[in-house]
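To keep things clear, I will list the structure first and then write my remarks on it.
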Amino acid sequence: MLTIGCHMSSSKGFLHMGKEASSIGANTFQFFTRNPRGGSAKALDLADIRAYQEYAVSHGFPVILAHAPYTLNACAKEGRTRDFAWETMADDIRRMEALPGQMYNFHPGSHVGQGIEAGIEWIAQCLNQAMTPEQTTTVLLETMAGKGTEVGSRFEELRAILDRVKYPEHMGVCLDTCHVYDAGYDVVNRLDEVLAEFDRIIGLDRLRALHLNDSKNPFASHKDRHEKIGMGSLGQEAFERIVCHPVLKDLPFFLETPNELPGYAAEIAMLRKAAERGLPA
Ligand code: FE
Ligand code: FE
Ligand code: ZN
């Protein structure tokens, strides 16, 4: 069975997110660890976490995905901003350990003119300060669209970060379909070739999750504007092929499309149907 869910508001806690996910046909979800614009996190509610763990077992939720605030910039120019990034990440990872074995995704950052090489070094340094050898949380680098000075729009850049971290065994990659298509990887017409390239450069064993988003912009536009599934430049069939692909079908999928719950429910139902039906020969 497909593992699929969408981004949800975490304001009412884990059990609420689990129940809300079930109500729209999802068996996983993504949430922000704190206000997406940064700021301090709420105190952990251990009773809520225990209740969610029971719910997850009884409802077949395999794994969930936490998302770091998107304002974190591990490769900022200002030392204070970089310190804030690793301190926030360390705190997020520590908190995630209350719910062991989940995943934590973050945007590598923008080098703001310092150059890709410097950016890669800062990002690796951030991870090396925030991660611990005993953590059970897997930290995911998200593939980026390459807007402005974003690091991580080329597989080679993600590889270079992984090559510089102390605990690569606790790391993986989250492939965002809108971002990679905007970055110039043609997952619509050349999905097999893109996956072969990912395998050659990063290794498919590092691919741990996908963000399913259509794009408001054309191929290789480097823009990053998400669209509803089937309403953008990737088109519905591309997503049907993705959820049926033998290399991808058992990974967790997360929708980050511009939707309310009913819209997400419809996208999940459509993708589940495609996965059950399989592709025409
Ligand atoms: Fe993201
Ligand atoms: Fe994403
Ligand atoms: Zn995006």
Side-chain angles (χ1 to χ4, degrees), residues 3-10 26 28-38 63-75 85 88-89 92-93 96 102-110 119 123 126-127 137-155 157-158 161 171-185 187 194 198 202 206-229 231-234 238-239 242-243 248 251-259 263-264 267-268 271:
T3 301
I4 187 166
C6 66
H7 189 87
M8 297 198 132
S9 161
S10 59
T28 186
F29 54 88
Q30 173 179 270
F31 62 99
F32 282 125
T33 52
R34 59 188 75 217
N35 185 309
R37 305 185 55 77
V63 69
I64 54 176
L65 179 57
H67 196 304
Y70 49 69
T71 47
L72 281 198
N73 190 2
C75 54
T88 301
M89 195 179 280
D92 278 348
I93 292 169
M96 288 292 293
Q102 312 303 318
M103 303 188 297
Y104 175 68
N105 173 71
F106 79 107
H107 295 180
S110 294
I123 294 159
C126 170
L127 289 162
T137 303
T138 301
V139 177
L140 305 184
L141 297 164
E142 181 165 353
T143 60
M144 300 311 291
K147 192 174 56 171
T149 63
E150 270 173 357
V151 179
S153 67
R154 305 294 314 164
F155 295 158
E157 296 165 17
L158 300 177
I161 296 167
M171 292 203 60
V173 171
C174 174
L175 187 145
D176 185 309
T177 56
C178 166
H179 297 177
V180 292
Y181 192 69
D182 281 14
Y185 291 102
V187 289
V194 171
F198 187 102
I202 302 177
R206 289 280 161 231
L207 182 57
R208 299 298 165 80
L210 282 93
H211 282 166
L212 296 181
N213 302 306
D214 212 324
S215 174
K216 284 194 196 291
N217 290 291
F219 178 64
S221 59
H222 303 284
K223 285 283 207 299
D224 189 4
R225 297 275 315 280
H226 301 184
E227 181 54 283
K228 295 185 172 90
I229 302 299
M231 308 279 277
S233 56
L234 279 78
F239 293 94
I242 285 168
V243 298
L248 306 175
L251 290 167
F253 297 101
F254 301 89
L255 295 156
E256 301 174 309
T257 46
N259 274 306
Y264 280 130
E267 291 183 344
I268 290 168
L271 292 168

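Indexing begins at 1, ligand by ligand and atom by atom, following the structure's order. None of the values given here were measured: they were computed from a predicted structure.
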[X] and [Y]: side-chain donor and acceptor closer than 3.5 Å?
{"X": "His226", "Y": "Asp224", "value": "yes"}
{"X": "Asn217", "Y": "Asp182", "value": "no"}
{"X": "His107", "Y": "Glu142", "value": "yes"}
{"X": "Glu256", "Y": "His211", "value": "yes"}

Which N, O or S atom of [X] lies nearest to the Fe ion (ligand 2), by name:
{"X": "Glu256", "value": "OE1"}
{"X": "Glu142", "value": "OE2"}
{"X": "Asp176", "value": "OD2"}
{"X": "His211", "value": "ND1"}

(Q) Considering the Zn ion (ligand 3), could you give the total of protein N/O/S atoms lying closer than 2.8 Å? (A)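 Step by step: take the Zn ion (ligand 3), keep protein N, O, S below 2.8 Å, and you get 3.
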
Q.
Under 2.8 Å from the Fe ion (ligand 2), can any N, O or S atom of His67 be found?
A.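 Of the N, O and S atoms in His67, none lies under 2.8 Å from the Fe ion (ligand 2), which means no.
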
Q: Indicate, with yes or no, if the rings of Tyr185 and His179 have centres closer together than 6.0 Å.
A: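 So the answer is no for these two rings.
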
(Q) Against Leu65, only a single residue in Thr138, Asn105, Thr28 fulfils side-chain contact (heavy atoms from CB on, under 4.5 Å); can you say which? (A)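 Going through Thr138, Asn105, Thr28 one by one, the side-chain contact (heavy atoms from CB on, under 4.5 Å) with Leu65 is satisfied by Asn105 alone.
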
Q. From Leu210 CG over to Thr177 OG1, what is the distance, rounded to the nearest 0.5 angstrom?
A.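 Spacing of CG (Leu210) from OG1 (Thr177) equals 7.5 Å.
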
Q) With a cut-off of 2.8 Å, does any N, O or S atom of Cys174 fall short of it relative to the Fe ion (ligand 1)? A)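 Given the 2.8 Å cut-off, Cys174 does not count as a ligand of the Fe ion (ligand 1).
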
**Q.** Heavy-atom side-chain contact between Glu267 and Lys228 under 4.5 Å
**A.**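 In contact.
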
Q. Can you tell me the N, O or S atom of His107 that's nearest the Fe ion (ligand 1)?
A.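 Considering only N, O and S atoms, His107 comes nearest to the Fe ion (ligand 1) through NE2.
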
Q: Take Phe239 and Asp214 through the side chain to side chain contact (heavy atoms under 4.5 Å, CB included) test and state the conclusion after the steps.
A: CA-CA 9 Å; Phe239 293 94; Asp214 212 324; 3.8 Å; yes

